[in-house]
Amino acid sequence: MKPLLVQKYGGSSVADAECMRRVADRIRSDYENGNDVVVVVSAMGKSTDKLIALAREVHADPNDREYDQLLSTGEQISISILAMALHHLGVKAVSMTGAQAGIRTDASHTKAKITGIDPVRVREKLDQGHVVIVAGFQGMNPASDVATLGRGGSDLTAVAMAAALKADRCQIFTDVDGVYTADPRVVPNARKLDAIAFDEMLELASLGAKVLQSRSVEFAKKYGVPLEVLTSFERKPGTIVKEISDMEDVLVRGVAADKNQAKVTLRGLQDTPGVAARLFQAVAEAGVNVDIIVQNISEEGHTDISFTVPRDDVADVRECIQNLQGIHFRQDLYDDSIAKVTLVGVGMRSHTGIASRMFQVLASRNINIQMISTSEIRVSVVIDQADSDAACKALHAEFELDKDPIQVSAQEPAP
Ligand code: ADP
Ligand code: ASP
Ligand code: MG
């Protein structure tokens, strides 16, 4: 059996005809070197953003089904153009939409979950010697309609395809040459990592490092998909994402910033049992993911509660709050000028003192912390968005992330 590669090319790697030809050439060489190749592509350049803007020009809150119908066209342009570019090089190639490739999703339009993949047609075409090109970011829902998988969802298509086909490797080609200790566009001396643990990558991805979509990392971890992030612009090794067991424990692996969050505050909220349960149940039923929650001490039966949500979901949350029955509050506030900045490292499991060092660094830069949240392997703070880049740079410098990492095993735990 030939080795099977699943390769995903992101928007900037397929931005125009020249990029398409370059990507086709790379696929040809991997194919001619004796690999079976399944390619997942994103929409060309910024075309998904353009389609969203177009939809909003005709409707402020477009219908979800039509929105998915529209957005899925971006990837469908890419697959056919790439197939033509491969034909031009004399390579047998066939394009498939998500539905044709057997990708099934649940019913939640615009952020559908993959419920199963039945890649019979993909297998059949591979067996006939074709390169198979699959449209990323889409699948078919139970109503046989096209559903999209949320922004950055082509990464998930690639990982899920790799799992379904038991691929030997899933390669995510992008416009940087791997995963860095911070976004290299924000922190110029960020360092490329040769490897990163699934858990660390998951935290970084879900907290703003958009180099991989977080659900794709979750999926890869769950199904043990061998995952690599690398550049499509040069031939060189990238970053391997793998299980922690064969990695050194490093205190802080990286820093991420998420500028696409908003803070919702309810002031003077009645403080009686069941209020939080009802509030967050309503938000969850609207399909919105809540992250950090902070509740103040109650005074005279009233409290303030703040929580963060993805900025795109603020309108839904506002509607939900305004429709809450039988819950009293004085004021609801929505602030989208925030950023969530996070330090991640598996070494935090066994070491204390990271949070306090982080807070000191921010204090020394006069950066005010609005909210704090921690997990076993991360510390996140919500700050003013205008301070986000400065905070990332300062934290990167404080924890010397530009240098070779300090391995936890070599250190004494802090008191
Ligand atoms: P694609 O279009 O290929 O899916 P994305 O724009 O989604 O690419 O992701 C790549 C971008 O992720 C990079 O250009 C980089 O600015 C950003 N990024 C954020 N954090 C990191 C990080 N820790 N390491 C590498 N890139 C990062
Ligand atoms: N084209 C989609 C987006 O821009 C999916 C992707 O590129 O992964 O979000
Ligand atoms: Mg992406």
Side-chain angles (χ1 to χ4, degrees), residues 7-15 19 23 40-53 67-68 70-79 98 110-112 134-139 146-161 171-196 200-217 228-233 238-239 241 252-260 312 339-345 388-389 392 395-396 401-402:
Q7 302 186 332
K8 178 256 172 178
Y9 293 89
S12 48
S13 302
V14 293
C19 291
V23 164
V40 172
V41 263
S42 289
M44 293 172 72
K46 302 258 173 240
S47 53
T48 306
D49 292 338
K50 289 184 190 145
L51 292 172
I52 292 172
Y67 187 82
D68 276 356
L70 174 70
L71 260 54
S72 63
T73 61
E75 272 66 14
Q76 291 178 33
I77 293 174
S78 298
I79 52 170
T110 79
K111 43 188 161 193
V134 178
F137 176 57
Q138 57 174 265
V146 63
T148 64
L149 308 177
R151 295 308 304 268
S154 299
D155 296 341
L156 178 61
T157 305
V159 169
M161 258 300 155
Q171 300 176 308
I172 307 289
F173 288 95
T174 183
D175 57 358
V176 283
D177 57 4
V179 178
Y180 279 69
T181 48
D183 186 341
R185 296 183 204 287
V186 174
V187 181
N189 63 346
R191 187 170 47 86
K192 190 185 118 188
L193 300 166
D194 295 331
I196 184 166
E200 292 171 326
M201 192 63 240
L202 191 54
E203 295 281 13
L204 286 176
S206 54
L207 290 150
K210 69 169 182 163
V211 61
L212 281 177
Q213 189 226 28
S214 60
R215 272 170 39 217
S216 73
V217 184
E228 186 180 4
V229 177
L230 60 179
T231 175
S232 65
F233 294 85
T239 302
V241 190
V252 179
R253 183 86 60 190
V255 48
D258 186 349
K259 297 179 183 170
N260 285 313
D312 286 347
K340 190 160 52 185
V341 172
T342 302
L343 281 179
V344 174
S388 174
D389 291 359
C392 288
L395 292 166
H396 200 269
L401 298 181
D402 55 323

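If you read the sequence from its start, that first residue is 1, and numbering goes on from there. Ligands are counted one by one from 1 in listed order, and the atoms in each one are counted from 1 as well.
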Whether Gly10 lies under 4.0 Å from ligand 2, heavy atom: no
Lys259 meets the side-chain contact (heavy atoms from CB on, under 4.5 Å) criterion, sequence neighbours left out, with Ala339, Gln385, Ser388, Asp389
Around atom 23 (N) of ligand 1, find the nearest protein heavy atom and jot down its residue, atom name and distance. Tyr180 O, 3.0 Å
Taking atom CD1 of Ile79 and atom OG of Ser42, what is their separation to the nearest 0.5 Å? 12.0 Å
Enumerated ligand 2 atoms positioned under 4.0 Å from heavy atoms of Phe137: 2 (C), 5 (C)
State the atoms of ligand 1, each with its element, that fall below the 4.0 Å cut-off from a heavy-atom position in Gly11. 2 (O)
Can Gly153 be said to touch ligand 2, with heavy atoms closer than 4.0 Å? yes
Which value, rounded to the nearest 0.5 Å, describes the distance between Ser154 atom OG and Met161 atom CE? 12.5 Å
Among all protein non-hydrogen atoms, which one is nearest to atom 1 (P) of ligand 1, and what is the separation to 0.1 Å? Thr174 OG1, 3.6 Å
Note: ligand 1 atoms sitting under 4.0 Å from heavy atoms of Ala209 are 19 (C), 20 (N)
Note, Thr157 side chain near Lys8 side chain (heavy atom, < 4.5 Å): no
Thr110 OG1 to Ile52 CD1 distance, which is reported to the nearest 0.5 Å: 10.0 Å
Quick one: does Lys46 get a heavy atom under 4.0 Å from ligand 2? no
Heavy atoms only: which of Arg185, Arg151, Arg253 lies closest to atom 14 (O) of ligand 1? Arg185
Salt-bridge contact Lys210-Asp155 (side-chain N to carboxylate O under 4.0 Å): no
Counting heavy atoms under 4.0 Å, the part of Glu75 that contacts ligand 2 is side chain
State, yes or no, whether a side-chain contact exists between Val255 and Val341 at a heavy-atom distance under 4.5 Å. yes
Who gets closest to atom 13 (C) of ligand 1 by heavy atom: Asp175, Asp258, Val211, Val186? Asp175
Is Gly178 near ligand 1, meaning one of its heavy atoms is under 4.0 Å from it? yes
Side chain, backbone, both or neither: which applies to Pro184 and ligand 1 if a contact is any heavy-atom pair less than 4.0 Å apart? side chain
Value rounded to 0.5 Å, distance of NZ in Lys192 from CG in Leu230: 8.5 Å
Would Gly152 count as being in polar contact with ligand 2, using the rule that some N or O on each side must be under 3.5 angstrom apart? yes
Give the contacting part of Lys8 toward ligand 1: side chain, backbone, both or neither, where contact means a heavy-atom distance below 4.0 Å. side chain
Can you pull out the closest protein heavy atom to atom 7 (O) of ligand 2? Residue, atom name and distance to 0.1 Å, please. Ser42 OG, 3.0 Å
Show which atoms of ligand 1 fall inside a sub-4.0 Å distance from at least one heavy-atom site of Val179. 24 (N)
Mind checking whether Ser13 has a heavy atom under 4.0 Å from ligand 1? no
Nearest 0.5 angstrom please: Thr73 OG1 to Leu51 CG, how far? 4.5 Å
State whether the side chain of Gln138 and the backbone N or O of Ser72 hold a donor-acceptor pair below 3.5 Å, judged by distance alone. yes
Which distance, rounded to the nearest 0.5 Å, do you find between the OG1 of Thr239 and the CD1 of Ile172? 12.0 Å
To which protein heavy atom is atom 6 (C) of ligand 2 closest, and what is the distance rounded to 0.1 Å? Ser154 OG, 3.3 Å
Do the non-hydrogen side-chain atoms of Leu204 and Ile196 ever get within less than 4.5 Å of each other? yes
With sequence neighbours left out, write down each residue that passes ring-ring contact (aromatic ring centres under 6.0 Å, His included) with Phe137, or none if nothing qualifies. none
In terms of its nearest heavy atom to atom 9 (O) of ligand 2, the top option of Arg151, Gln213, Met44 is Arg151
Of all the non-hydrogen atoms in the protein, which one sits nearest to atom 7 (O) of ligand 1, and at what distance? Lys210 O, 3.4 Å
Looking only at protein heavy atoms, which one is nearest to atom 21 (C) of ligand 1, and what is the separation? Asp183 CA, 3.7 Å
